[in-house]
Amino acid sequence: MEKYNPQKIEKKWRIIWEESKIYRTEETLEKPKYYCLDFFPYPSGDGLSVGHCKNYIPTDVFSRFKKMCGYSVLHPMGWDAFGQPAEQEAINKGIHPKITTEKYTANYKRQLSLIGTSYDWEREINSSHPDYYKWTQWFFLLLYKRGLAYRKKAPVNWCPTCLTVLANEEIEDGKCWRCGSEVTKRDLMQWFFKITDYADYLLKDLETIDWPEKIVLMQQNWIGRSEGIEFNLKVKNSEKTIPVFTTRPDTIYGMTFVVLAPEHPLINELTTQEFKNAVENYRKIAYQKSEIQRLALEKEKDGVFIGAYAINPMNNEEVPIYVTDYVLMTYGTGAIMAVPAHDERDFEFAKKYNLLIRVVISPPDWEGEELKEAYTGKGIMVNSDEYNGLPSQEGIEKICNYLDNKGIGRRKVNYKMRDWLISRQRYWGAPIPIIYCDACGEVPVPEEDLPVLLPDIEKYQPTETGESPLAKVQEFVNTFCPKCRKLAKRETDTMGGFACSSWYFLRFTSPHYKKGPFNPDKVKYWMPVDLYVGGAEHAVMHLLYARFWTKVMYDANIVNFREPFNKLLNQGMMHAPDGRLMSKSKGNVITPDEVVAEYSADALRAYELFLGPFEQDAIWSDRGINGVFRFLNRVWRLILKEKPLIFTKRPSGGAEDISRQLQKMTHKTIKKVTLDFEKFKFNTAVAALMEYINFLYSSLDKKVLEEIWSETIDTLMLLLAPIAPFMTEELWERTGHKESIHIQPWPKWDEKLTYEEKFTLVIQVNGKLRDRVEVPVGISDEEMKKIALKSPNAQKFIKDKEIIKFVTVPNKLINIVAK
RNA sequence: GCCGAAGUGGCGGAAUUGGUAGACGCGCUGGACUCAAAAUCCAGUGAGUUUUAAUACUCAUGUGGGUUCAACUCCCACCUUCGGCACCA
């Protein structure tokens, strides 16, 4: 027998598979389709680590499995090559992103082939290629035409290191998600997508998809829907009114002051002369503060009085108006009625400035004493005139009705989610296809003029001016107005990377289509994605944006589904042996290259699957992989060398004939592995195959009918094929099969053959295990009782006691309850 | 602070609807093979008590209660770890 030589056979099959195009996608109406997709990766210079493989291996195993089960499977791969990470890399290394991108994608592709993935490379896409971003721009225009892309000057998040604006989702703890610098505010003219128009829609349709609860919850929280009422507060000695939003109108009688955000437009008009200086000072300081300082939890609430008074519409009480930075201009109306008794922040503020704290919702067991902290729960209304005695819920209804009827306010829904900031002052992205003309204003680039090509330039470093590097490229900026043909200027900002990944899953269905972003027939055939697999870190970014674009497409009648990804799974992260995340800077990266060289791609695959549950984090261990490597060697040896005592006809005498047990074991294993694969439980599937082979080895000194042995080893190879594609292909060939193992039908199990004839009857006394007896399946309760009572071990524990009852579980156990 | 997930041998992890806790693997121990080692193969391996031995018993799934004939699984309280959100009125 030739030794298992993975280096040789893996290289051999990689070449054969590529030449025979065995992984080309099949599109046929005769089979059900299955679209299995990985998150769109950004190809980094560091290449793949075994951590990344924790995602790609399981989806590959599953795709192979589905294909063997008779599906036509779409399992594509492409590159999210545009965007900041790629550009930053290029800047750091001083090499043009176009060049680095090309190099890195080639490396990724090589590594993915190395580990035996079955991607259809004829469908490879790259978001930084003009034939791709042409359509990203096309989608921008679609949103624009539907009123969902607009430009406004707004204080936006600015990263002083990356020199660009960031979307809200790209800020973590007030810091840039990429470089960790503190984010500051800057007033810039920016493009936004109106995702808030779809807030409710995005929220509701979460019910229709099979996603991890965790992600659904994160999206719900991110969207942050809250129902309330917006109403106007009159200002004493002024015509102006201040709109405020509240979800707790039942606490309106507890309003003892009003607070405005520092950016509030009414501050200038309402502040009295006397307080102008103090207010201006406060605003200046607040405005200079970075987000992180402003949001710091420990920070004391402060603010200044503006000299004006607002009037409570319920009782005409006059309350002072303050400006403070704990109120955000970007949510609700940027002003609130402050109810210190029932809001923690207002309470803190009132304490600091000795403002009145009036209880209007009675906390449980409250007897009129002063509150030590705000009571934010619901309760019975007090100190609220005719509303006294009402529970909160009713109070909310009644007061809303009152304000509504009086024309003072109206019910409103607010969302935490903000519009999606799409402009980036960066070179490496899809140019925003808009032209500014002195005569015609903002003009979209006509579809037939797409793509707006990203010029090839030398100086792509970002600038501090808040302008994209493209602004300095005269040939790019200067153009003609598509409407009036006069001289005009192009928009020089590019789109953030998340634009590209908001539709790429559609492009895979027809990656070379020229007449549109995708071929509608192919989209109809393949979409939606049946299984989408990636990390949880994209919960509120990519996964929300892609859903949004899909809904816009649905409304525009270009797709016939409202959700792009039916089922979503998040893989756990793979940590380095030191328990930390793998990263080049920490020097603890383990690459698939080194593992494949030392063991084999098949061993790497099997090990990553076996390490633990798919969704759970795992720690790479250099020792553990030995176990699966041994297992693969045992498979190799068993199939090529070992055999039990084979016979062709019923023999007499000699060794024990275990044909029947073997057959049962085979069918039980098929069932176990199949069901485990369906449930993405690859670790127990591998374990089942290990048990299977252990059983086979223990059968070698027994007698087996020839056809059963041949079924046995064929099944072993087939079940293992998605996990260890190289080795099984080689073994399949060596055992005389002509066609590739990867196009064979998945083995089926015969349910009858998974049933046992005997089982271990567990005998308990008062719930404690006392004995075990082998008995035939299907025996009656009475028989079980008889057997149990005969057990000497059980007898020991019941002899001085009175038997009260028997509890039986058919084919499992009997419990004798005795006192 | 709020929301969510998870705590099982020396380690990674298994355990249908509550029904044999620790599958499978790593590691370790002993043995076989070998001049020797590696590799491979065989056996053992939760802790404790007991027995010459086979055996048997007690304890054990983060902690403390509860429901149940029976709890890793269900309920209540708490502890720890990880993840998310964090002035959203």
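Each chain gets a letter, A, B and so on, in the order its sequence line appears, and its residues count up from 1.
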* To do: Could you give me the CA-CA distance, side-chain angles and deciding distance for A/Phe610 and A/Phe682, then say whether ring pair (Phe, Tyr, Trp, His ring centres under 6.0 Å) is met?
  => CA-CA 7 Å; A/Phe610 184 61; A/Phe682 301 107; over 10 Å; no
Base partner of [N], which must satisfy Watson-Crick or wobble distances under 3.5 Å:
N     : value
B/G83 : B/C3
B/C26 : B/G10
B/A70 : none
B/A56 : B/U49
B/U40 : B/A32
B/U61 : none

Using a cut-off of less than 4.0 Å, is there contact between a side-chain N or O of [X] and OP1 or OP2 of [N]?
X        : N     : value
A/Lys641 : B/C41 : no
A/Asn683 : B/A14 : yes
A/Gln616 : B/G13 : yes
A/Lys768 : B/A71 : no

Report yes if some heavy atom in the side chain of [X] is under 4.5 Å from a heavy atom in the side chain of [Y]; otherwise report no.
X        : Y        : value
A/Thr684 : A/Val673 : no
A/Leu719 : A/Leu716 : no
A/Arg283 : A/Ile267 : yes
A/Trp620 : A/Tyr607 : yes
A/Leu233 : A/Val258 : yes

Expressed in whole Å, how much space separates the [atom1] atoms belonging to [N] and [M]?
N     : M     : atom1 : value
B/C78 : B/C26 : P     : 42 Å
B/C75 : B/G22 : C1'   : 26 Å
B/G64 : B/C59 : P     : 14 Å
B/U17 : B/G13 : C1'   : 23 Å
B/U55 : B/A36 : C1'   : 41 Å
B/U20 : B/A15 : C1'   : 11 Å
B/G7  : B/U16 : C1'   : 23 Å
B/G83 : B/C28 : C1'   : 35 Å

Of the listed nucleotides ([options]), which one gets closest to any side-chain atom of [X]?
X        : options             : value
A/Val809 : B/A89, B/G19, B/U20 : B/G19
A/Asn793 : B/C57, B/U20, B/C41 : B/C57
A/Arg634 : B/G83, B/A89, B/C41 : B/C41
A/Asp325 : B/A89, B/C87, B/C24 : B/C87
A/Asn694 : B/A14, B/C24, B/A89 : B/C24
A/Lys812 : B/G13, B/G19, B/A89 : B/G19
A/Leu217 : B/G4, B/G19, B/A89  : B/G4
A/Arg770 : B/U58, B/C41, B/G19 : B/U58
A/Ser226 : B/G13, B/A89, B/U40 : B/A89
A/Arg630 : B/A15, B/G27, B/A21 : B/G27

* **Result of checking A/Thr715, A/Thr666, A/Thr669 against A/Tyr692 for side chain to side chain donor-acceptor pair (under 3.5 Å)** => A/Thr666
* Asked: With a 4.0 Å cut-off on heavy atoms, is A/Tyr607 in touch with a base, just the backbone sugar-phosphate, or nothing at all?
  -> nothing
* Would you classify A/Leu813 as touching base, sugar-phosphate or nothing, given that sugar-phosphate means primed atoms plus P, OP1 and OP2, and contacts are heavy atoms under 4.0 Å? => base
Between [atom2] on [N] and [atom1] on [X], what's the gap in Å once rounded to a whole number?
X        : N     : atom1 : atom2 : result
A/Glu537 : B/C82 : CD    : P     : 19 Å
A/Asn815 : B/A71 : CG    : P     : 10 Å
A/Leu689 : B/A14 : CG    : P     : 16 Å
A/His575 : B/G12 : NE2   : P     : 13 Å
A/Asn626 : B/C28 : CG    : P     : 11 Å
A/Lys796 : B/A56 : NZ    : P     : 7 Å
A/Lys681 : B/A23 : NZ    : C1'   : 12 Å
A/Asp701 : B/C42 : CG    : C1'   : 13 Å

* Specify the glycosidic conformation (syn or anti) of B/G9, with syn defined as within 90° of 0. => syn
* To do: Tell whether A/Glu344 reaches the base of B/G1 with its side chain through a donor-acceptor pair below 3.5 angstrom.
  => no
* Asked: Can you list the steps and then say if A/Glu227 with A/Lys412 is a salt bridge (Lys or Arg N to Asp or Glu O under 4.0 Å)?
  -> CA-CA 6 Å; A/Glu227 285 177 24; A/Lys412 209 184 160 194; over 6 Å; no
* Asked: Taking it one step at a time, do A/Asp302 and A/Lys352 satisfy salt bridge (Lys or Arg N to Asp or Glu O under 4.0 Å)?
  -> CA-CA 8 Å; A/Asp302 63 1; A/Lys352 178 167 167 118; 5.5 Å; no
* Asked: If you pin A/Ala688 and A/Thr247 to their nearest nucleotides in RNA chain B, which one's is more 5'?
  -> A/Ala688
* Nearest-nucleotide wise, let me know which of A/Gly627 and A/Asp346 is further upstream toward the 5' end of RNA chain B. => A/Gly627
